[in-house]
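Chain A is the first sequence line, chain B the second, and so forth, proteins listed ahead of strands; every chain is numbered from 1. All values below were derived from every heavy atom in this structure, side-chain atoms included, with hydrogens, water molecules and symmetry-related copies excluded.
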There are 2 protein chains.
Amino acid sequence: MDFNEAAVFVKVVQAGSFSAAARQLGLPTSTISTRVARLEKRLGVTLLQRTTRRLHLTEAGTLYYEQASIGLGYLMEAEAALDAARLQPQGMLKVTAPADLGDALLAGLVKRVQTEYPDLVLEMLLTDRYVDLIAEGVDVAIRTGELRDSSLIAKSLGSIQWALFASPLYLQQAPALEAPPHLHAHTCLQFTPMGREQWLLSNEQSEISVPMSGRTLVNSIGVIKAMAENGQGVALLPTFICQPAQRSQQLVRVLPAWLGRADAVHLVYPQQRFMPPKLRAFIEVAVAELKTQFKETL
Amino acid sequence: MDFNEAAVFVKVVQAGSFSAAARQLGLPTSTISTRVARLEKRLGVTLLQRTTRRLHLTEAGTLYYEQASIGLGYLMEAEAALDAARLQPQGMLKVTAPADLGDALLAGLVKRVQTEYPDLVLEMLLTDRYVDLIAEGVDVAIRTGELRDSSLIAKSLGSIQWALFASPLYLQQAPALEAPPHLHAHTCLQFTPMGREQWLLSNEQSEISVPMSGRTLVNSIGVIKAMAENGQGVALLPTFICQPAQRSQQLVRVLPAWLGRADAVHLVYPQQRFMPPKLRAFIEVAVAELKTQFKETL
DNA sequence: CATGATTGTTCAATTAAATGAAAAGTAATT
DNA sequence: AATTACTTTTCATTTAATTGAACAATCATG
């Protein structure tokens with residue numbers, strides 16, 4: 001079954017002659033002649049009666065032409081629809097990110113992307129579990145930490161710096177906190193994925209492991225931040241998330257010379273032959289927006 | 001633009017894998033792979049995301065598939081419609097014939113054709129003028145006399161024998177009519193297309209030309225026959241047309257040893273690669289029916 | 001964990017299609 | 001009536017597509 005023969009036949013009918021069809025299709029007349037003849041042979045009917053320098057569609061030709069031309073219209077429509085979609089970023093883009101990346105950060109990202117590309121629809125999938133992008137039909141992920149899947153393309157966004165925070169009220173009432181070992185005398189608000197046993201802190205000279213009592217563990221950075229603001233203890237949190245609370249003096253840095261770990265942040269997406277415009281658009285905006293939020297990776 | 005690529009792509013989607021599509025299409029997997037890749041390159045988009053031994057239709061792929069599969073459906077429908085039409089004679093068949101071939105003969109022909117092929121619709125174009133079959137969209141002609149267009153296929157039906165007829169009543173009252181020269185004493189009812197000047201008559205030994213007075217000329221065989229039956233004169237008419245009148249003794253042969261000309265009769269139709277079923281059916285029945293009506297050609 | 005089966009991709013050899021040129025036929029123009 | 005222009009068809013040469021085989025990766029089975 002060769003649909004290109006049908007396409008040539010339909011064009012011949014529309015153009016009124018083999019020669020005119022050849023000109024319109026940019027093909028030699030011998031190609032037109034051969035393809036129509038081949039179609040007639042394959043179908044076992046005469047579609048065009050051709051003598052006296054003129055063509056006459058046979059009844060079979062008319063029957064075939066009516067259906068075939070509609071079909072070809074759809075096929076061309078299919079390509080036109082793709083062309084239209086390609087020229088501007090539009091449609092649904094599905095993004096996955098860690099649930100605790102920070103509401104303000106994600107809200108800001110969505111706002112900026114959709115301001116620049118009004119036709120884009122974003123579906124954010126915030127989850128702590130590993131997401132298989134291809135299997136789940138997710139276009140792009142924001143991932144922190146070490147990357148697992150080497151078949152994906154990764155684009156660095158910087159890194160998340162963790163640091164110690166507490167409220168001024170808490171610090172007024174609490175024992176002195178002048179070095180990391182003093183933390184064992186304080187209420188430590190632990191982020192469960194960070195680990196239950198210890199906090200690793202470092203300064204320019206050294207690194208220290210502070211054992212944790214494990215009394216307060218929450219797997220939500222937002223809840224831990226709120227508890228810290230309420231004076232319920234000392235928290236180890238991403239610095240970029242606490243910046244607004246620092247400005248309003250609800251939180252202050254504790255032991256500022258000592259830092260938690262730094263987690264790399266990447267955009268990751270599947271390798272594919274042709275980059276969809278909406279994905280390219282999203283990546284461009286996300287990089288511009290998020291690089292300002294995270295610590296520059298050295 | 002290569003629609004066969006689209007067909008392969010659509011089949012891959014429907015089958016769920018390249019390998020399954022290859023089996024269903026009877027093509028090697030390398031052909032499937034190459035054609036889909038070529039389609040993606042030509043369209044400039046990724047239609048299928050293919051990793052981990054599974055396929056995922058991209059959004060572009062979905063967009064394209066929806067339209068393309070409808071289009072291909074129409075194209076296959078076009079072929080199916082032709083297949084159905086080919087298997088039984090049906091539809092309109094346009095036949096041209098001389099206007100004066102005889103109502104009974106033509107009525108009989110139409111009746112027999114349509115009895116044997118109930119789905120055939122016959123349009124009879126009875127005319128004296130030359131009909132260009134292809135230009136006028138006529139499928140087949142019954143032609144008498146010498147053929148003009150050698151590009152048509154001709155199938156002999158026999159020949160029309162012209163002979164002298166008159167009513168018994170006329171002959172009772174008229175002068176003796178025992179040899180062709182006696183005709184000048186009679187009223188000769190002339191069929192204009194036969195010629196205005198003379199009647200050519202022949203027997204086994206010789207041929208004679210009888211000059212005509214030209215007083216009664218009509219270009220309708222039916223009218224001449226009716227006049228002869230009314231006793232208005234002697235007519236030179238096709239024998240097959242007069243057989244019923246002979247049986248009822250309204251007409252009798254005059255000078256039976258002397259005959260007019262014999263006109264060959266043919267079915268003629270355009271040469272074409274594939275004989276439409278309805279034309280083949282008509283020819284078969286027309287030959288069977290008409291050969292019994294005309295004198296067998298030696 | 002090793003093996004076999006299945007997937008999709010790539011490449012050199014084979015096969016098929018496309019093409020330019022020429023031919024035959026017809027219509028339009030001079 | 002002769003010439004020119006245009007049509008469609010055919011064929012040898014050129015070009016492109018198809019294919020079998022091999023490869024790499026993954027899944028299912030023992």
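- Between A:Arg35 and A:Leu27, the closest heavy-atom pair is NH1-CD1, 4.3 Å.
- Of the charged side-chain nitrogens involved, at least one lies within less than 4.0 Å of a carboxylate oxygen, so that A:Asp2 and A:Arg38 count as a salt-bridged pair.
- To the nearest angstrom, P of C:dG8 lies 18 Å from CZ of B:Arg38.
- B:Ser17 contributes no side-chain N or O that forms a donor-acceptor pair with the base of C:dG8 under 3.5 Å.
- Between C:dA18 and A:Arg35, a contact under 4.0 Å exists linking OP1 or OP2 to a side-chain N or O.
- Dashed line: the shortest gap from a side-chain N or O of A:Ser30 to OP1 or OP2 of C:dT19 is not under 4.0 Å.
- Counting only heavy atoms from C-beta on, B:Thr31 has its side chain closest to D:dT19 among C:dG20, D:dT7, D:dT19.
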Distances for protein N/O vs nucleotides 14-16 of chain D N/O pairs under 3.5 angstrom?
none

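- Within 4.0 Å (heavy atoms only), B:Ser19 reaches sugar-phosphate atoms of the nucleic acid but no base atom.
- Here A:Leu27 lies in heavy-atom contact (under 4.0 Å) with sugar-phosphate atoms only.
- Within the helix from C:dC1-D:dG30 to C:dT30-D:dA1, the inter-axis angle between the opening and closing five-pair segments is 30°, rounded to 10°.
- Taking atom CG of A:Leu25 as the reference point, atom C1' of C:dT19 lies 15 Å away to the nearest angstrom.
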